[in-house]
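Letters go in sequence order (proteins before strands), and every chain restarts at 1. Side-chain atoms are counted along with the backbone in the values below, which use heavy atoms only and exclude waters and symmetry mates.
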2 protein chains.
Amino acid sequence: MTTGQKVSFQDIRNEVLARIQQRVWVPGSLLPTEHELAEEFGCARATVNRAMRELADRGIIDRKRKSGTRVNISPVKQATFEISIVRQTIEDMNAVYRYSLVHRSLNQAPAWLRAQLDLEDAAQVLHLNCMHYSDNRPFQFEERWINTAAVPSVVDADLTDTGPNEWLLTEIPFSNAEIAFTAVSADSKLSDFLATPTGTPLFQMERTTWFQDTPVTFVRMTFHQGYQMSTRY
Amino acid sequence: MTTGQKVSFQDIRNEVLARIQQRVWVPGSLLPTEHELAEEFGCARATVNRAMRELADRGIIDRKRKSGTRVNISPVKQATFEISIVRQTIEDMNAVYRYSLVHRSLNQAPAWLRAQLDLEDAAQVLHLNCMHYSDNRPFQFEERWINTAAVPSVVDADLTDTGPNEWLLTEIPFSNAEIAFTAVSADSKLSDFLATPTGTPLFQMERTTWFQDTPVTFVRMTFHQGYQMSTRY
DNA sequence: CAGTGGTCTAGACCACGGT
DNA sequence: CCGTGGTCTAGACCACTGG
């Protein structure tokens, strides 16, 4: 339903999407120009532009100067997952969050980690093992390495009450990261911490974080058995 | 580097982001109004608005009418994965794609599937098992159920050469979906098809697809051992 | 070279939501 | 009430790119 007054960019976005879904405009075909659409909908070109830009961002259409706008032929769908801190995730499920620092040590970075983070040979890292509980049941086991050169203050940080993720966020907000998801088999350590038999398939997320080209941390988060990550699009 | 001429929304976006990362504006604090920023950068308010809107979309800042714009205090990061058709994924790795239809049958929908897709009791579904190979090595095992009421033509479709995903996309473009990722253990069937020992941890993706509120298909895709899904943000 | 999308402007009105 | 962001307009110039 239009508001009756002006044509909103959402009206146009929805209408164009509807026409694509109803195959008025089929994949690969050329859509009218912004100018033509503006005329049809009786609005400014900027309004059409915003509507079309959103559809292009979603991968529905493909736009090129001069050649025009086409319905995307190979639909690359984008699934967006909201990655928040563990505490948030757990509290959002109305469960009680508990955190525990299991291990803490200051080491020379092992070779694989130096490669992963692109660190110098003598680089020092803070190695942490933590557990996150939801209603007192194991939720996630976190194994983390922090490049102390990037965050010197972490050496003196008290991480017994606050998890390293939350602590780092206060120091280094909005960094860049690379995330990877895998399935792993519970080894004896994971089996102990996550209270599940050895060999259980577990969902694992690895994340490498940089702050302005400086590698900050690498973390491996393994979730309890049966954990599922989902989203809509 | 600015282009020297006008101030672009990207310049503003980057500058604001930089100030947040450099803690000129710390999480929770109030940013200048659009009007003030427009004055500072010497541009129109619309330009500032676009820059800020992008930051808000990324979850960096939080905007509210009247109360203003604040640096987000609980950074909900969005990880975006590009979900394309299997063939595309494989060909993007410069590997040779091969597809094989393993099983095809027309059944009454089992109870769990009726629940999953919200189907009527007597609903009929096309049940398919397919394999996707990358350079002749098992890449993904696909188990799919299609609601024939939603796509009657699928019953007569020839799916021996083209995978059901690609076929469906030509019929029902740009539908809505819900995706879930999990880790599973290879049972004997998965073990056979994916050429991996029983008990191997495998990465699995389930997707339910609707077309305008009509449930279309439910698919379970299990990847070969060691498969990893990754992205940057 | 010319057509199409990309962006910016200056101004306007509106909607939400604190005070 | 009234400040702040949300959106639309009409017009302009620019950048890319296909012919």
Side-chain angles (χ1 to χ4, degrees), chain A residues 1-17 19-20 25-74 76, chain B residues 1-17 19-20 25-74 76:
Chain A
M1 167 184 103
T2 59
T3 44
Q5 315 283 21
K6 291 181 180 175
V7 179
S8 83
F9 73 93
Q10 304 186 24
D11 295 335
I12 299 180
R13 169 164 52 62
N14 295 342
E15 176 59 25
V16 171
L17 181 56
R19 289 187 192 173
I20 291 174
W25 295 320
V26 299
S29 67
L30 198 60
L31 269 58
T33 66
E34 292 193 346
H35 188 78
E36 289 166 342
L37 286 172
E39 200 165 311
E40 178 191 339
F41 289 106
C43 67
R45 185 168 77 93
T47 307
V48 174
N49 182 276
R50 172 141 183 213
M52 301 300 269
R53 182 151 36 82
E54 289 204 356
L55 291 174
D57 285 345
R58 292 198 212 169
I60 311 278
I61 59 179
D62 196 31
R63 322 194 75 195
K64 272 182 196 160
R65 285 161 154 134
K66 169 71 181 177
S67 35
T69 301
R70 289 178 183 282
V71 180
N72 208 327
I73 204 157
S74 66
V76 178
Chain B
M1 169 183 102
T2 60
T3 45
Q5 315 282 20
K6 290 181 181 174
V7 180
S8 83
F9 74 93
Q10 305 186 26
D11 295 336
I12 299 180
R13 168 165 51 63
N14 294 342
E15 175 60 23
V16 170
L17 181 55
R19 288 187 193 173
I20 290 173
W25 294 320
V26 299
S29 67
L30 199 60
L31 268 59
T33 66
E34 291 193 345
H35 188 78
E36 289 166 342
L37 286 172
E39 201 166 310
E40 178 192 338
F41 289 106
C43 67
R45 185 167 77 93
T47 308
V48 174
N49 182 275
R50 170 140 185 214
M52 301 301 269
R53 182 151 37 82
E54 289 205 357
L55 292 175
D57 286 345
R58 291 198 212 169
I60 311 277
I61 58 179
D62 196 31
R63 322 194 74 194
K64 274 182 196 160
R65 286 162 153 135
K66 169 70 182 180
S67 32
T69 301
R70 290 177 182 282
V71 181
N72 208 327
I73 204 157
S74 66
V76 178

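- Looking at heavy atoms from C-beta onward, A:Leu55 lies in side-chain contact with A:Val16 at the 4.5 angstrom threshold.
- Comparing B:Val48 and A:Arg45 by the nucleotide of DNA chain C whose heavy atom lies nearest to each, the residue mapping closer to the 5' end is A:Arg45.
- Proximity of a side-chain donor or acceptor of A:Arg63 to a complementary backbone N or O of A:Thr69 within less than 3.5 Å is not detected.
- When the C1' atom of D:dG5 is taken as reference, atom CG of B:Leu55 falls 15 Å away, rounded to whole Å.
- Across the interface with DNA chain D, nearest-nucleotide mapping of A:Lys66 and B:Thr69 shows B:Thr69 to be the residue nearer the 5′ end.
- Considering CD1 of B:Ile60 and CE of B:Met52, their distance stands at 11.5 Å, rounded to 0.5 Å.
- Bounding nucleotides for the chain A contact on DNA chain C, 5' to 3', at a heavy-atom distance below 4.0 Å, are C:dG3 to C:dT7.
- By the neighbour-count criterion of 12 heavy atoms within 6.0 Å, atom CD of B:Glu40 is densely surrounded, having more than that number from other residues, nucleotides or ligands.
- Two residues are said to be in side-chain contact when any heavy atoms from C-beta on lie closer than 4.5 Å; B:Leu37 and B:Ile12 fail this criterion.
- Between B:Asn49 and B:Glu36, the one whose closest nucleotide on DNA chain D sits nearer the 5' end is B:Glu36.
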- Message: Please evaluate residues B:Arg19 and B:Leu31 with respect to the criterion side chain to side chain contact (heavy atoms under 4.5 Å, CB included), reporting the C-alpha separation (whole Å), side-chain torsions for both, the decisive distance (0.1 Å), and the verdict.
- Response: CA-CA 10 Å; B:Arg19 288 187 193 173; B:Leu31 268 59; over 6 Å; no
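- The distance between atom CG of B:Asp57 and atom P of D:dG5, rounded to the nearest whole Å, is 16 Å.
- Regarding B:Ile12, its CD1 atom lies at a distance of 14 Å from the P atom of D:dG5, rounded to whole Å.
- In this structure, A:Ser67 and A:Ala46 both approach DNA chain C, and ranking their closest nucleotides by distance from the 5' end singles out A:Ser67.
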